[in-house]
Amino acid sequence: MSNRRGLLIILSSPSGAGKSTLARRLMQWDEGLSFSVSATTRSPRPGEEHGREYFFLSEEDFKKQVAEGQMLEHAHVFGNFYGSPAGPVRETIESGNDVLFDVDWQGEAQIRNSDLGKHALSIFILPPSITELHRRLVGRGQDSEEVISKRMLKSWDEISHWHSYDYVLVNDDLDATETQLKTIITAERMRREQQPALQTHVNGLQSEFQEMS
Ligand code: ADP
Ligand code: 5GP
């Protein structure tokens, strides 16, 4: 067994608040951090690759995987199904590495209520304002006006779940938010339940103590 148990680090935000940008920065910071590649029934965007951004599945295949219990969590978001495959997550955290999730509030709630919930660390990213959120979605240049309107309409629904998260950050200055995220993760890795080898260490201290007395 590894000295450390990995964390399930969940980042959620309304679309455009900056979670993908922050996730990329965290992955550069710590190469041991792996990203949970979700499965989805939505079509790939230009530049997206099967197995890198998402596993792009037909609705039939997606539902089959859910029925077989292969998803740690799954949800219907913006008219498509999304889900996190459980197998790679279990293996990674068992080996002492953290897994980063970009999932919505439904995913956060399901992971928290799963058998891995005690290893979950959830962080909600808020935008500094709704005007800035819109500006970022337009500035990203990835979505049509229609898709942006749909995402803006959905943003309040996502924001309204902010209070279910362990930490909430306002992503105004990107560098400052990145530093806050790294600080939170560094501290959370020291949580007692993340260190399974502690019991053995304390047993050793006890033996040494008894030998001396
Ligand atoms: P999400 O993954 O939450 O949908 P992205 O990470 O794609 O959001 O960010 C949306 C856009 O906003 C991107 O163009 C990104 O470069 C920009 N962005 C992210 N964080 C900030 C920030 N703190 N200040 C200014 N622009 C930002
Ligand atoms: P997008 O289509 O823009 O990549 O993602 C749309 C939304 O789906 C985002 O809010 C993202 O967090 C969410 N999402 C992506 N993957 C998953 C997943 O596996 N599970 C859940 N519950 N939500 C996901």
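Keep in mind that the numbers below use all heavy atoms, side chains included, and drop hydrogens, waters and symmetry copies. The shown structure was predicted, so the numbers you read here are calculated from the model rather than taken from an experiment. Counting starts at 1 for both ligands and their atoms, in listed order.
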Top protein contact for atom 1 (P) of ligand 1, by heavy-atom distance: G16 N, 3.4 Å

Interfacing atoms of ligand 1 (cut-off 4.0 Å, heavy-atom, S15): 4 (O)

NZ/K64: more than 12 non-hydrogen atoms of other groups inside 6.0 Å: no

Region of V103 engaging ligand 2 - heavy atom pairs below 4.0 Å: both

Atoms of ligand 2, numbered as shown, that sit under 4.0 Å from any heavy atom of G107: 22 (N)

Salt bridge present between K154 and D104 (N-O < 4.0 angstrom): no

side-chain contact (heavy atoms from CB on, under 4.5 Å) evaluation trace for R5 with E94: CA-CA 6 Å; R5 184 68 46 81; E94 200 55 42; 4.2 Å; yes

Proximal atoms of ligand 2 relative to F78 (non-hydrogen, under 4.0 Å): 6 (C), 7 (C)

Nitrogen or oxygen atoms of N171 and ligand 1 under 3.5 Å apart: yes

Ligand 2 N/O within reach of S38 N/O, cut-off under 3.5 Å: yes

Polar contact flag for L22 and ligand 1 (N/O pairs, less than 3.5 Å): no

Per-residue contact class, Q110 against ligand 2 - non-hydrogen pairs under 4.0 Å: neither

Cluster check L26, I123: I/L/V/M/F/W/Y, side chain < 4.5 angstrom: yes

Closest approach of any protein heavy atom to atom 13 (C) of ligand 2, naming residue and atom: D104 N, 4.0 Å

Side chains of E108 and S12, donor plus acceptor under 3.5 Å: no

R42 near ligand 2 by a heavy-atom separation under 4.0 Å: yes

Within 6.0 angstrom of E146 CD, more than 12 heavy atoms from elsewhere: no

Identity and distance of the protein heavy atom lying nearest atom 17 (C) of ligand 2: Y82 CB, 3.4 Å

Polar contact flag for A75 and ligand 2 (N/O pairs, less than 3.5 Å): no

For D172, atoms of ligand 1 separated by under 4.0 Å from a heavy atom: 22 (C), 23 (N), 24 (N)

Atoms of ligand 1, numbered as shown, that sit under 4.0 Å from any heavy atom of S13: 3 (O)

Within-shell test, D102 vs ligand 1, heavy atom, strictly < 4.0 Å: no

Mode of R151 contact toward ligand 2 - side chain, backbone, both, neither (heavy atoms, under 4.0 Å): side chain

Residue, atom name and distance, where the atom is the protein heavy atom closest to atom 11 (C) of ligand 2: D102 OD1, 3.5 Å

Heavy-atom proximity to atom 1 (P) of ligand 2, best of W105, F55, Y54: Y54

Atoms of ligand 2 close to S84 [distance to a heavy atom under 4.0 angstrom, numbered from 1]: 19 (O)

From CA spacing to verdict: side-chain contact (heavy atoms from CB on, under 4.5 Å), D166, I184: CA-CA 10 Å; D166 296 320; I184 293 166; over 6 Å; no

Atom 25 (C) of ligand 1: nearest protein contact (heavy atom, Å): R136 NE, 3.6 Å

Full working for side-chain contact (heavy atoms from CB on, under 4.5 Å) between L22 and L169: CA-CA 12 Å; L22 289 160; L169 304 177; over 6 Å; no

The one among E73, E53, M71 that brings a heavy atom closest to atom 21 (C) of ligand 2: E73

Which of the ligand 2 atoms, numbered from 1, are nearer than 4.0 Å to a heavy atom of V77: 7 (C), 8 (O)

Heteroatom distance test (R135, ligand 1): nitrogen or oxygen, under 3.5 angstrom: no

Linked, directly or transitively: L7 and I93 (ILVMFWY side chains, under 4.5 Å): no

Plane angle bin for H50 and F56 - parallel if under 30°, tilted between 30 and 60°, otherwise perpendicular: tilted

Salt bridge (Lys or Arg N to Asp or Glu O under 4.0 Å) between E178 and R25, worked out: CA-CA 7 Å; E178 181 186 350; R25 288 184 173 212; 2.5 Å; yes

Nearest-neighbour protein heavy atom for atom 16 (O) of ligand 1, which is reported as residue plus atom name and distance: T21 OG1, 4.0 Å

Distance from atom 19 (C) of ligand 1 to nearest protein heavy atom, with residue and atom: G18 CA, 3.8 Å

Steps toward side-chain contact (heavy atoms from CB on, under 4.5 Å) verdict (F101, E73): CA-CA 11 Å; F101 293 82; E73 61 77 33; 5.6 Å; no

Atom indices of ligand 2, in the order listed, that fall short of 4.0 Å to a heavy atom of G83: 18 (C), 19 (O)

In one Ile/Leu/Val/Met/Phe/Trp/Tyr side-chain cluster, 4.5 Å: L57, V103: no

Enclosure of H201 NE2 (heavy-atom neighbours >12, cutoff 6.0 Å): no

Under 3.5 Å: N/O of G139 near N/O of ligand 1: no

Over 12 foreign heavy atoms within 6.0 Å of CD, E193: yes

Distance from atom 3 (O) of ligand 2 to nearest protein heavy atom, with residue and atom: R45 NH2, 2.8 Å

Distance filter under 4.0 Å to K19 heavy atoms, resulting ligand 2 atoms: 12 (O)

Heteroatom distance test (D173, ligand 1): nitrogen or oxygen, under 3.5 angstrom: no

Nearest protein heavy atom with distance in Å, relative to atom 7 (O) of ligand 1: R140 NH1, 2.9 Å

Heteroatom distance test (S20, ligand 1): nitrogen or oxygen, under 3.5 angstrom: yes

Face-on cation placement of K150 at F78 ring, 6.0 Å and 45° thresholds: no

Parallel, tilted or perpendicular: rings of Y165 and F124 (30°, 60°): perpendicular

Sub-4.0 Å heavy-atom contact, S15 with ligand 2: no

